[in-house]
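Have a look at the structure below, then the notes.
Both backbone and side-chain heavy atoms feed into the values below; hydrogens, waters and symmetry mates do not.
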Amino acid sequence: QVQVVESGGGLVQPGGSPRLSCLASGSIFSIASMGWYRQAPGKERELVAAITRDRSTNYADSVRDRFIISRDSAMRTVYLQMNSLKPEDTAVYYCSALVGGLRSWGQGTQVTVSS
């Protein structure tokens with residue numbers, strides 16, 4: 001099994017560029033892909049960005065030109081570099097690891113974009 005823990009959230013001004021981190025532990029060699037999801041109040045959880053072991057990536061249309069997902073060589077840490085943040089980016093951001101067809105979820109980190 002794999003456990004993931006997010007960090008890096010907080011209060012950010014519009015236009016800010018924080019970076020979220022996700023640290024994985026356990027059977028990290030079994031991870032097929034890792035991704036970032038977010039859930040805003042009153043909305044369903046949605047995929048933000050994902051990255052596979054071969055470094056292929058996938059982004060939501062709303063963040064494709066602003067966010068960058070990356071990982072270290074061991075798939076131990078995954079990052080989400082967020083640029084040009086907008087108030088509508090406000091959400092709880094969750095890290096997820098896909099292992100053996102099942103997903104492991106972190107506890108989430110709040111990102112609030114406000115002046």
Side-chain angles (χ1 to χ4, degrees):
Q1 293 185 342
V2 172
Q3 298 79 43
V4 293
V5 179
E6 309 95 335
S7 62
L11 179 62
V12 185
Q13 292 187 344
S17 57
R19 186 177 73 164
L20 304 183
S21 297
C22 174
L23 179 63
S25 61
S27 302
I28 60 175
F29 290 140
S30 299
I31 298 176
S33 66
M34 297 186 69
W36 288 95
Y37 292 72
R38 68 184 181 186
Q39 186 167 20
K43 296 184 178 180
E44 295 183 349
R45 187 174 299 185
E46 64 174 348
L47 173 69
V48 177
I51 188 167
T52 64
R53 188 168 292 277
D54 67 358
R55 298 184 184 273
S56 64
T57 58
N58 188 31
Y59 295 91
D61 290 342
S62 60
V63 308
R64 179 170 286 108
D65 297 326
R66 298 184 295 122
F67 293 8
I68 300 173
I69 188 170
S70 62
R71 64 167 182 84
D72 64 13
S73 59
M75 207 80 166
R76 178 174 174 82
T77 306
V78 175
Y79 305 96
L80 183 67
Q81 178 65 59
M82 302 185 290
N83 300 305
S84 302
L85 283 186
K86 307 173 182 179
E88 50 263 44
D89 293 318
T90 296
V92 178
Y93 284 72
Y94 297 90
C95 181
S96 178
L98 182 62
V99 182
L102 299 176
R103 288 197 176 277
S104 297
W105 296 92
Q107 61 184 287
T109 184
Q110 175 72 45
V111 175
T112 301
V113 184
S114 176
S115 298

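- For Thr109 against Glu6, the heavy-atom pair with the smallest separation is CG2-CB, 4.0 Å.
- Contact between Pro18 and Gln81 at its shortest, heavy atoms only, is O-NE2, 3.3 Å.
- Side chains of Val92 and Arg45 form no contact here, defined as non-hydrogen atoms less than 4.5 Å apart.
- Looking only at side-chain heavy atoms (C-beta outward), Cys22 and Trp36 come within less than 4.5 Å of each other.
- The nearest pair of heavy atoms linking Ala91 to Gln110 is O-NE2, 3.4 Å.
- Shortest non-hydrogen contact noted between Ala74 and Ile28 is O-CD1, 3.7 Å.
- Leu23 and Val111 fall into different hydrophobic clusters, where Ile, Leu, Val, Met, Phe, Trp and Tyr side chains are chained together by heavy-atom contacts under 4.5 Å.
- Taking OG1 from Thr57 and CD1 from Ile51, the interatomic distance works out to 6.5 Å, rounded to the nearest 0.5 Å.
- With hydrogens and angles disregarded, a donor-acceptor distance shorter than 3.5 Å links the side chain of Tyr59 to the backbone of Ile69.
- Checking Glu88, Glu44, Glu46 one by one against Arg38, the salt bridge (charged side-chain N to carboxylate O under 4.0 Å, His left out) holds for a single residue, Glu46.
- In this structure, the side chains of Tyr93 and Gln39 stay at 4.5 Å or more apart for every pair of heavy atoms.
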Tell me which donor-acceptor pairs under 3.5 Å the side chains of residues 98-108 have, and how far apart each pair is, sequence neighbours excluded?
{"from": "Arg103", "atom 1": "NH1", "to": "Ser96", "atom 2": "OG", "distance (Å)": "3.2"}
{"from": "Arg103", "atom 1": "NH2", "to": "Tyr37", "atom 2": "OH", "distance (Å)": "3.1"}
{"from": "Ser104", "atom 1": "OG", "to": "Val2", "atom 2": "O", "distance (Å)": "3.0"}

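- Shortest non-hydrogen contact noted between Ala24 and Met75 is CB-O, 4.2 Å.
- Residues Thr52 and Arg71 share a closest heavy-atom pair of O-NE, 3.3 Å.
- With rounding to the nearest 0.5 angstrom, the CG atom of Leu20 is 8.0 Å from the OG atom of Ser7.
- No side-chain heavy atom of Ser17 sits less than 4.5 Å from a side-chain heavy atom of Ser84.
- At least one side-chain heavy atom of Phe67 sits less than 4.5 Å from a side-chain heavy atom of Leu85.
- Note on Leu80: it does not cluster hydrophobically with Leu47, by side-chain heavy-atom contacts below 4.5 Å among ILVMFWY residues.
- Using a cut-off of 4.0 Å between Lys/Arg side-chain N and Asp/Glu carboxylate O, Asp61 and Arg64 are scored as salt-bridged.
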